[in-house]
Amino acid sequence: MRTSWADSVSAAENTAAGSSANDGVGSSSRHAKSSYVPPHLRNRPSSSDLPAPGPAPGPAPALVPAPAPAPALSGSSSSNDRPGYGAALGGNRWGGPRSDVGRPGYGSGGRFGGGGGGWNNNRGGWDRGREREVNPFGDDVDTEPEFSELENTGINFDAYEDIPVETSGENVPPPVNTFAEIDLGEALNQNIRRCKYVKPTPVQRHAIPISLGGRDLMACAQTGSGKTAAFCFPIISGIMNGQFPQRPRGARTVYPLALILSPTRELSCQIHEEARKFSYQTGVRVVVAYGGAPINQQLRDLERGVDILVATPGRLVDLLERARVSLQMIRYLALDEADRMLDMGFEPQIRKIVEQMDMPQPGVRQTMLFSATFPKEIQRLASDFLSGYIFLAVGRVGSSTDLIVQRVEFVHESDKRSHLMDLLHAQKANGTHGKQSLTLVFVETKKGADSLEHWLCMNGFPATTIHGDRTQQEREQALRSFKSGATPILVATDVAARGLDIPHVAHVVNFDIPNDIDDYVHRIGRTGRAGKTGLATAFFNESNASLARALAELMQESNQEVPAWLTRYAARSSYGGGGRNRRSGGRFGGRDFRRDSSFNRGGGGTDYHGGGNSSGYGAAPGGYGGGGYSSAWD
DNA sequence: AAAAAAC
């Protein structure tokens with residue numbers, strides 16, 4: 001009923017502040033968590049809007065989302081909010097047979113009509129509305145890739161082969177070696193072919209079966225490892241195949257089934273673009289919402305229907321407070337770059353979104369948490385947000401390959417500009433032109449970015465810049481202009497350090513070296529994407545001494561040539577307790593802390609079924625090994 | 001210390 005959900009939302013608003021006494025740490029047991037009812041949902045007549053907790057998410061058959069009883073939305077008289085491409089399908093896993101009438105004007109009959117679940121599915125009927133959908137692949141939609149084309153994409157799949165992977169948790173579903181082994185459905189398979197993906201990356205090989213098995217997932221993986229597809233495929237497949245209760249449709253509020261949170265606007269845009277490709281002609285609607293852009297277009301997009309919502313936290317909180325979005329129907333939650341989001345101070349907003357609005361509990365929804373590192377704060381988040389999860393650690397991309405050639409050059413502060421100029425001239429002369437060869441230059445400050453951009457332009461190098469002082473429009477324009485090659489040099493702050501997938505970045509220059517080795521790893525990860533080779537040059541001088549040790553170790557680890565002078569710096573800084581990097585010596589961003597006997601919370605899932613190579617663990621001198629997680633590193 | 005993120 002309209003009043004029902006409206007009340008729910010307004011109640012949520014009214015009590016959000018007071019409900020922050022959420023149990024937080026210490027209730028990692030899923031039973032404790034699943035019986036928890038958020039304050040704003042207590043005392044509701046029939047608790048009819050929130051699905052009751054489902055049974056323990058044990059090994060479930062593939063393609064079955066985490067089970068949950070029906071929420072039995074009372075009296076809603078309208079259908080779900082997506083344009084239907086669907087044919088009816090029997091049975092409704094979430095809500096049982098429904099008698100609701102389909103929303104007129106869309107598709108071919110009620111998607112929930114007449115006892116049929118009515119969600120489109122890949123076994124038929126979804127194509128009836130295909131003309132409606134803008135083709136995200138451009139012109140070559142119906143071009144089936146030739147085998148030779150596949151080889152020409154430049155994706156070096158062998159480069160992924162020796163990336164170490166480790167899993168732990170109870171009953172870990174075995175990894176797959178090909179997409180064909182997984183029944184993702186024909187529509188999705190076709191999109192995978194259109195994307196020219198031939199073979200799953202390591203994170204995909206493991207994460208997709210885990211997720212399709214209905215399990216929660218904590219994954220330590222770098223961007224560039226194929227994460228986006230790893231969480232999108234199971235979500236899209238689950239939505240296509242799953243039966244969901246009818247979503248109430250008020251005039252304004254929409255009820256997505258999946259939520260993907262990411263730290264930056266550009267990353268959200270990128271995930272949205274990728275997810276749209278993956279969901280092309282599946283009938284699954286993906287919408288993005290982020291700040292800095294006019295909200296009206298986003299509201300219109302939402303009103304046209306949303307299954308998967310990709311968002312940055314701030315804008316989502318805004319939408320939730322305006323009651324334009326309800327999380328009541330969320331079945332899939334993915335948090336990307338979780339460590340980054342915490343670094344950026346998003347924890348309160350994320351906890352508000354996940355714990356204090358109307359999102360179903362862990363175990364009812366399926367949750368995937370992605371993070372490059374696994375520090376204490378993320379472990380806490382994992383305990384609070386996940387239920388009986390599987391831990392997956394994928395080695396750093398590039399850690400065991402030579403995909404990225406790293407160079408470190410000693411450049412005094414005052415020489416940096418002319419040195420950069422030399423590099424750019426050399427690059428120009430090297431004959432790489434004709435083909436786009438993009439250079440991404442990282443600097444420390446927004447001011448520095450502007451002034452370097454200006455200087456480059458004055459000196460005949462078309463450059464643009466991206467940083468947080470620019471408007472969202474300027475940022476997006478800069479990114480477009482860079483990607484297109486119109487300005488083949490992009491000067492950036494760390495806003496662009498993580499996750500952005502820009503093809504053809506041949507060279508990453510760390511004009512200013514970051515203070516955190518993780519940031520360095522992320523920055524150089526903007527090149528050498530998808531198995532292509534790339535070059536990363538860092539300008540090192542005295543002011544970077546504190547990073548010398550971590551940098552030298554990282555380079556050594558990835559089979560790079562470490563200059564003798566850097567080794568000397570590294571030796572010096574190691575005495576002074578420098579190199580406070582978080583994970584030197586390891587090839588993973590973290591390890592499953594549940595394996596440590598000292599960590600006792602009574603939560604389940606301490607069994608270790610490690611099938612992977614664990615040699616990257618334990619060697620960390622002050623990493624996460626050893627059980628004690630003192631905060632000495634912060 | 002700087003960066004990012006809602007209006």
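Because the structure is predicted, anything quoted here is derived from the model rather than measured. Just so it is clear: chains get the letters A, B, ... in the order the sequence lines come, proteins before strands, and each one is counted from 1.
Put simply, CD on A/Glu444 is 11 Å from P on B/dA4, counting in whole angstrom units. One atom, CD of A/Gln472, and another, C1' of B/dA4, lie 11 Å apart when rounded to the nearest Å. The distance from atom OH of A/Tyr290 to atom C1' of B/dA5 is 14 Å, rounded to the nearest whole Å. Between A/Lys446 atom NZ and B/dA3 atom C1' the separation is 7 Å, expressed in whole Å. Atom CD1 in A/Ile295 sits roughly 10 Å away from atom P in B/dA6 (whole-Å rounding). Put simply, CG on A/Leu319 is 9 Å from C1' on B/dA6, counting in whole angstrom units. Between A/Asp516 atom CG and B/dA1 atom P there is a gap of 16 Å when expressed in whole angstrom units. Put simply, CG on A/Leu547 is 15 Å from C1' on B/dA1, counting in whole angstrom units.
A/Ser326 and A/Thr253 are not linked by any side-chain donor-acceptor pair at a separation below 3.5 angstrom, with hydrogens and angles left out of the test.
Contact annotation for A/Arg470: no contact, since no heavy-atom pair falls under 4.0 Å across all strands. A/Gly345 comes within contact range of no nucleotide atom at all, as no heavy-atom separation falls under 4.0 Å. Within 4.0 Å (heavy atoms only), A/Arg340 reaches no atom of the nucleic acid at all. Counting any heavy atom pair closer than 4.0 Å across all strands shown, A/Ala492 reaches no nucleic acid atom. As judged by a 4.0 angstrom heavy-atom cut-off over every strand, A/Val495 is placed among residues touching the sugar-phosphate backbone only.
Contact annotation: A/Arg265 side-chain N/O to B/dA4 OP1/OP2 distance is not under 4.0 Å. Between A/Lys447 and B/dA2, a side-chain N or O to OP1/OP2 separation shorter than 4.0 Å is absent. For B/dA6, the OP1/OP2 oxygens have a side-chain nitrogen or oxygen of A/Thr312 closer than 4.0 Å.
Note on ring orientation: taking the six-membered ring where Trp is involved, the planes of A/Phe391 and A/Phe374 are tilted (angle from 30° to 60°). Using cut-offs of 30° and 60° on the angle between ring planes, the pair A/Phe278 and A/Phe233 is perpendicular.
Of all nucleotides listed (B/dA4, B/dA5, B/dA6), B/dA6 comes nearest to the side chain of A/Asp318. Closest contact between the side chain of A/Thr445 and the listed nucleotides B/dA6, B/dA2, B/dA5 involves B/dA2.
The heavy-atom pair separating A/Ala338 from A/Leu369 by the smallest distance is CB-CD1, 3.6 Å.
Using a 4.0 Å cut-off between charged nitrogen and carboxylate oxygen, A/Arg322 and A/Asp318 count as a salt-bridge pair.
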